[in-house]
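What follows is a short report on a single structure.
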Amino acid sequence: MKAVRMVPSLLLVLFLLVLMQSGALCARRFRGGRNPQPRRSPPPPTHRADRGDTTESFPLDFTAVEENMDNFMTQVKNLAQSLYPCSAQKLDHDMKLNFLVNTSVTCNDGSPAGYYLKESRGSRRWLIFLEGGWYCFNKENCDSRYETMRRFMSSSKWPQTKRGTGILSPLPEENPHWWNANMVFIPYCSSDVWSGATAKTDQSGYAFLGSLIIQEVIKSLLSKGLDNARVLLLAGSSAGGTGVLLNVDRVAELLKGMGYAGIQVRGLSDSGWFLDNKQYHCTDCVDNISCTPTETIKRGIKYWGSVVPERCRQSHEGEEWNCFFGYRVFPSIKSPVFVVQWLFDEAQLTVDNIQLTGQPVQEGQWRYIQNLGTELRNTLKDVPAMFAPACLSHEVITRNYWIDVQVKGTSLPRALHCWDRSLHDSRNNKAPPKACPVHLIDNCPWPHCNPTCPTIRDQFTGQEMNVVQFLMHMGFDVQKMAQQQGMDPSKLLGMLSSGS
């Protein structure tokens, strides 16, 4: 145990020495004195292409450090910022836009698809994120989407840089486990839940190429260092989270087919585990808000020319729409996948026609919301690695508060770190780490009964609400519930306030 505790300190000393040496080299380069004598250039490395970059790169990998990880990473970050080669060179935290070389793979309107990249020299871990943003499933609502949400269908106004947040942040205090990975953000501009493989036609008026965009990005990244990767984490939120479930095995198969079978491909699906349940009340199917999830996907896969995982397609031949719903596609996925899902997902409630617009919900709506949490729990119980807080929200891994939410005392970054370790130990025939849970789901029965849930604000006043205020705002009858439980109302209020 003593030797294990010494590892961070030893690595810290080594890292300090490396940075000091690097700082000295930089000082000589930029000092106003005479130039040093020219030296013969060393031969270029044979395993990587010359990219014309003269900045020193050190292949440091700290993933073996298993204790005091958060504190150690913070120290390393502080050292790096204070001693990074040449104080005149600031650390660049932005991801930069790259368009695909293959111009036949485009956004909906035919503009070039692309991705944002921030390289982390020396790191062999890659995080590739799929953006979310609903979808459209016929010419009429795609035309409407193009008028009101054009950035989800065109790259014409994408900025040249993008700053990562949450799990895409390069700062260890915001992203304890993945801060030093190579970060890739793929903007969503195909409106097809990352499933389409259909070029633009006169009839549709749009291209739907989400699945092919992912494939082309992977191919493009191979020349930028992905060829030397150890781990590739395909992550996504909302429609991007569903896109992870649909594409993670295809990415693994693509890399294997290109001779990179050694890259460990994994998935992280956030808020993409939707249910094909019955709506609270049925309405005419006009758009993806009013239609049932099942009906929109049935129409969409024909319009998009969707590609679904082969094993799932075989299990649901003729009814491939099933593969867009997490609990149906998950059993067919070979790659390891970690599922993050709010038990009371706002997008799910929206498509189920539960409108939380500030008016207290009716008793039938309240019962429906509670049943939704129960249904989600049941579909997640056999998922080995998952994080499911009893909160009313949507998306989390790119939010600034993603490190604050806990389930049974474990945060999401900690759970992901435990999952990473368990996969590493499994590959090396070791027992899974103790006191490092990866299957985390809340048991309390109503929205925001978890005290670490994100803050809720009143939609009209903008004021923050505590748990009791929120539940009463939604029409929760404390007196009636206390009577049913045989409790004093004040005691029930105390339990609610503490998240018991």
Side-chain angles (χ1 to χ4, degrees), residues 238 241-242 245 269-282 292-294 297 322 324-331 337-356 360-396 405-410 412 415 437-454 456 467-468 470-478 480-487 492 495-496 498-500:
S238 193
T242 306
L245 301 174
S269 174
D270 166 31
S271 303
W273 189 275
F274 291 100
L275 301 181
D276 53 342
N277 54 345
K278 186 178 180 180
Q279 291 177 307
Y280 175 66
H281 66 85
C282 298
T292 64
T294 301
I297 296 300
N322 283 282
F324 284 74
F325 297 95
Y327 75 100
R328 295 187 186 275
V329 68
F330 188 82
V337 174
F338 192 106
V339 175
V340 180
Q341 186 66 42
W342 303 111
L343 290 180
F344 304 95
D345 187 274
E346 287 179 319
Q348 179 76 56
L349 288 169
T350 298
V351 297
D352 287 342
N353 284 328
I354 296 288
Q355 305 297 332
L356 303 175
V361 298
Q362 301 171 358
E363 184 175 353
Q365 291 174 309
W366 177 251
R367 194 180 308 115
Y368 186 96
I369 291 169
Q370 286 186 287
N371 288 339
L372 173 64
T374 301
E375 288 180 44
L376 266 167
R377 277 191 202 90
N378 291 336
T379 64
L380 290 167
K381 65 179 185 295
D382 294 326
V383 177
M386 44 84 70
F387 187 88
C391 305
L392 178 69
S393 194
H394 185 61
E395 301 187 5
V396 63
V405 181
Q406 297 183 5
V407 174
K408 299 176 181 177
T410 299
L412 178 51
V438 297
H439 184 90
L440 292 156
I441 185 166
D442 270 333
N443 295 321
C444 53
W446 46 70
H448 266 59
C449 54
N450 180 331
T452 68
C453 287
I456 292 181
V467 176
V468 175
F470 165 68
L471 291 174
M472 295 180 71
H473 176 77
M474 290 185 64
F476 183 83
D477 191 330
V478 177
K480 182 177 180 181
M481 180 62 73
Q483 185 178 12
Q484 290 176 351
Q485 300 295 323
M487 298 173 61
L492 177 59
M495 291 176 64
L496 291 173
S498 64
S500 302

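It should be emphasised that the depicted structure is a prediction, and the values quoted were computed from it without experimental measurement.
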Please step through side-chain contact (heavy atoms from CB on, under 4.5 Å) for the pair Phe324 and Val329, ending with a clear verdict. CA-CA 7 Å; Phe324 284 74; Val329 68; over 6 Å; no
Tell me every residue that passes side-chain hydrogen bond (donor to acceptor under 3.5 Å, both in side chains) with Thr379, counting only those two or more places apart in sequence or in another chain.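 For Thr379, the residues satisfying side-chain hydrogen bond (donor to acceptor under 3.5 Å, both in side chains) (neighbours in sequence not counted) are Trp273.
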ring-ring contact (aromatic ring centres under 6.0 Å, His included) with Phe338: which residues, sequence neighbours excluded?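 Phe338 satisfies ring-ring contact (aromatic ring centres under 6.0 Å, His included) with Trp419 once adjacent residues are dropped.
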Output all residues satisfying ring-ring contact (aromatic ring centres under 6.0 Å, His included) with Phe325, sequence neighbours left out; order by chain, then residue number.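 None.
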Short side-chain to backbone donor-acceptor contact, [X] and [Y], under 3.5 Å:
{"X": "Arg377", "Y": "Leu372", "answer": "no"}
{"X": "Asn450", "Y": "Gln406", "answer": "yes"}
{"X": "Gln348", "Y": "Leu275", "answer": "yes"}
{"X": "Ser269", "Y": "Gly241", "answer": "yes"}

Please name the pair of heavy atoms, one in [X] and one in [Y], separated by the smallest distance, quoted to 0.1 Å.
{"X": "Val340", "Y": "Leu412", "result": "CG2-CD1, 3.9 Å"}
{"X": "Gly272", "Y": "Thr242", "result": "O-OG1, 2.9 Å"}
{"X": "Phe344", "Y": "Pro445", "result": "CZ-O, 3.7 Å"}
{"X": "Leu440", "Y": "Ala415", "result": "CD1-CB, 3.8 Å"}

Check residues 380-394 and write down every donor-acceptor pair under 3.5 Å in which the side-chain atom is one partner and the other belongs to a residue at least two apart or another chain.
residue, atom, partner, partner atom, Å
Lys381, NZ, Asn378, O, 3.1
His394, ND1, Asp345, OD1, 3.0
His394, ND1, Asp345, OD2, 2.9
His394, NE2, Ser238, OG, 2.9

Hey, could you give me the [atom1]/[atom2] distance between [X] and [Y], rounded to the nearest 0.5 Å?
{"X": "Asp442", "Y": "Leu343", "atom1": "CG", "atom2": "CG", "answer": "6.5 Å"}
{"X": "Gln341", "Y": "Ile441", "atom1": "CD", "atom2": "CD1", "answer": "10.0 Å"}
{"X": "Glu346", "Y": "Glu395", "atom1": "CD", "atom2": "CD", "answer": "10.0 Å"}

Hey, are the side chains of Tyr327 and Val339 touching, using non-hydrogen atoms and a 4.5 Å cut-off?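 The answer is no; the side chains never approach within 4.5 Å.
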Residues in side chain to side chain contact (heavy atoms under 4.5 Å, CB included) with Asn322, at least two apart?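 Partners of Asn322 under the side chain to side chain contact (heavy atoms under 4.5 Å, CB included) test: His316, Glu319, Arg328.
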By the salt bridge (charged side-chain N to carboxylate O under 4.0 Å, His left out) test, which pairs, at least two apart or in different chains, include something from residues 384-394?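 Passing the test, one end in residues 384-394: no pairs.
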